[in-house]
Colleague: 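Encoded as structure tokens, here's the structure I'll be asking about.
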Amino acid sequence: MKQPIVPFFISHRGCPHKCVFCDQVKIAGAVGEFPTGTEILAKIASYRDSGRCRSVGVAFYGGTFTALSPAVQEGLLKPLQPLVASGEVGSIRVSTRPDAIDLQTVQFLREMGVKTVELGVQSMADDVLDLAGRGHTSADVARASRMLREAGLALGAQLMPGLPGDTSEKAMDSLARVIALQPDFLRIYPTLVIAGTKLADFYEIGSYRPLSIGTAVLLCKAMLHRAWKAAIPVIRMGLQPTAELETAGTVLAGPYHPAFRHLVEAELCFDLLRRMTSGMRRGSSVEIICAPSRISAVIGHKRGNVARLGQIYGLTVKNVRGDPALSPFEFSVERGGDRLHGDMIRDLEYG
Ligand code: SF4
């Protein structure tokens, strides 16, 4: 059974920087003081009770954990130690910047039972990092990633296509360079213009244009496919919808969609379906068989894939059904007695 994660948002705390796109308060919806040891333990207990599970994971999201003062880091991690020892907390995850990692920090995290460190990489193009006001370089990412991996910690990397100065080529190159660092997982967040940020000022004066939703979906489709090929899980695409983020006036512009990943996966499914059905006569009726978890992406957002197969190729989709024997990347298309087989990883190619 998957371990439930108990999240703690530390927001902008610990971060001495002000990246042009960042307003952690609006993105993570968190303000206020750090949780006390008592509050941390109470929240974990309530998750364990409600989930009826022996063991949970703990994640400190947002901010720059390892740039917090040592006393604050200890204040957050020390209360967890008895639970780590007893196995009631099975994993601890923190997020930080690449330049806030050094050997001493890595040693401290290991001693405190931290298993996973997520690095805000955002881009591997130094000019993009510079324009975003990140204050670190791609060399910092490579160095920090190596240190974390050598220490046996799991490595996560966050990427933000669509930053000022970014292009599709640079975003794909950034992904390739991050994949070469062998992260255990990725998160991909297309850049949004959040009110109150420097990026919002750039947008207002016309010096920054965000990706459109269509362009972001196409780019992220190629990125997700590349990650699939490298067998690296992408555990999130697009910011998680929160009340704060969905409040009018928070996202000023950019490719925000509450079901962004669904749009991307539906496009990948459509590309494979288009390829598989390209030789079929107009007017044919087909049944599509895929992994049960893929049914909604195969059908598409608001049944868009089924509609497009009809409108563009004249095909009627009689049924989409799940087959647990198929991997999430494989489909079969049946027409009459014929059955075609396709695989998104094997059969699709994006430059
Ligand atoms: S380093 Fe992270 S928390 Fe700090 S300003 Fe940049 S994005 Fe925000």
Side-chain angles (χ1 to χ4, degrees), residues 161-162 167-169 171-173 175-176 179 186 188 190 211-238 254-351:
T167 61
S168 296
E169 292 72 28
M172 291 303 290
D173 182 62
L175 175 64
I179 285 174
L186 296 168
I188 299 175
L211 297 174
S212 67
I213 186 82
T215 308
V217 167
L218 292 182
L219 173 58
C220 289
K221 173 177 77 171
M223 293 179 81
L224 181 59
H225 187 255
R226 177 79 64 88
W228 280 352
K229 278 196 147 181
I232 296 178
V234 177
I235 64 169
R236 175 117 216 132
M237 289 195 107
Y256 177 71
H257 192 289
F260 184 79
R261 188 192 185 109
H262 182 61
L263 300 183
V264 172
E265 292 188 345
E267 279 303 312
L268 280 156
C269 292
F270 184 71
D271 285 352
L272 183 61
L273 289 172
R274 180 166 51 183
R275 194 174 188 281
M276 290 172 73
T277 57
S278 63
M280 289 184 184
R281 254 198 350 265
R282 291 184 76 82
S284 300
S285 290
V286 297
E287 180 176 46
I288 303 168
I289 303 126
C290 60
S293 62
R294 271 287 180 247
I295 291 177
S296 79
V298 165
I299 292 171
H301 186 59
K302 297 187 175 165
R303 298 189 64 81
N305 287 352
V306 170
R308 281 192 286 178
L309 286 173
Q311 286 155 7
I312 305 173
Y313 302 105
L315 299 176
T316 301
V317 178
K318 283 185 304 190
N319 188 26
V320 180
R321 73 174 162 86
D323 178 351
L326 294 174
S327 83
F329 309 107
E330 297 171 288
F331 312 151
S332 293
V333 175
E334 280 191 0
R335 187 194 53 163
D338 298 338
R339 186 168 180 154
L340 299 172
H341 193 71
D343 184 308
M344 288 192 280
I345 295 182
R346 186 194 61 204
D347 300 338
L348 297 177
E349 205 52 66
Y350 299 100

Colleague: Of all residues at least two apart in sequence or in a different chain, which pass the ring pair (Phe, Tyr, Trp, His ring centres under 6.0 Å) check with F329?
Modeller: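 Only W228 meet the ring pair (Phe, Tyr, Trp, His ring centres under 6.0 Å) criterion with F329.
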Colleague: State which residues pass salt bridge (charged side-chain N to carboxylate O under 4.0 Å, His left out) with R308; sequence neighbours excluded, sorted by chain then number.
Modeller: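 If we apply the salt bridge (charged side-chain N to carboxylate O under 4.0 Å, His left out) test to R308, skipping adjacent residues, the hits are E267.
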Colleague: For the residue pair I289 and R339, establish whether any side-chain heavy-atom pair is separated by less than 4.5 Å.
Modeller: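 Yes, close enough: below the 4.5 Å cut-off.
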Colleague: Do any pairs count as a ring pair (Phe, Tyr, Trp, His ring centres under 6.0 Å) and have a residue in residues 274-298, sequence neighbours left out, and if so which ones?
Modeller: none
Colleague: Tell me the side-chain hydrogen bond (donor to acceptor under 3.5 Å, both in side chains) pairs involving residues 292-302, sequence neighbours left out?
Modeller: E265-R294
Colleague: In chain order, what residues pass the salt bridge (charged side-chain N to carboxylate O under 4.0 Å, His left out) check against K318, with sequence neighbours excluded?
Modeller: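 So K318 forms no salt bridge (charged side-chain N to carboxylate O under 4.0 Å, His left out) with any residue.
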Colleague: Considering only residues two or more places apart or on different chains, which pairs with a residue in residues 279-298 satisfy ring pair (Phe, Tyr, Trp, His ring centres under 6.0 Å)?
Modeller: none
Colleague: Are the side chains of E330 and C290 in contact, using a 4.5 Å heavy-atom criterion?
Modeller: no
Colleague: Hey, what do you get for SG (C220) to CZ (R226), rounding to the nearest 0.5 Å?
Modeller: 13.5 Å
Colleague: Apply salt bridge (charged side-chain N to carboxylate O under 4.0 Å, His left out) to R303 and list each qualifying residue two or more places apart in sequence or on a separate chain.
Modeller: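 With sequence neighbours excluded, R303 shows a salt bridge (charged side-chain N to carboxylate O under 4.0 Å, His left out) to no residue whatsoever.
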Colleague: Residues two or more places apart in sequence or in another chain: which of them pass salt bridge (charged side-chain N to carboxylate O under 4.0 Å, His left out) with E349?
Modeller: K229
Colleague: Return the set of residues passing side-chain hydrogen bond (donor to acceptor under 3.5 Å, both in side chains) with H262 (not counting sequence neighbours), or none when no residue passes.
Modeller: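 Once residues adjacent in sequence are excluded, H262 has no partner under the side-chain hydrogen bond (donor to acceptor under 3.5 Å, both in side chains) criterion.
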Colleague: Sequence neighbours left out, what passes side-chain hydrogen bond (donor to acceptor under 3.5 Å, both in side chains) with Q311? Give chain and number order.
Modeller: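 Residues passing side-chain hydrogen bond (donor to acceptor under 3.5 Å, both in side chains) with Q311: none at all.
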Colleague: Could you work out, with side-chain hydrogen bond (donor to acceptor under 3.5 Å, both in side chains) as the rule, every residue matching R274, not counting sequence neighbours?
Modeller: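 R274: side-chain hydrogen bond (donor to acceptor under 3.5 Å, both in side chains) contacts with D271.
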Colleague: Which side-chain hydrogen bond (donor to acceptor under 3.5 Å, both in side chains) pairs, counting each pair once, include a residue from residues 279-288, with sequence neighbours left out?
Modeller: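 Matches after skipping sequence neighbours: E287-N319, E287-R321.
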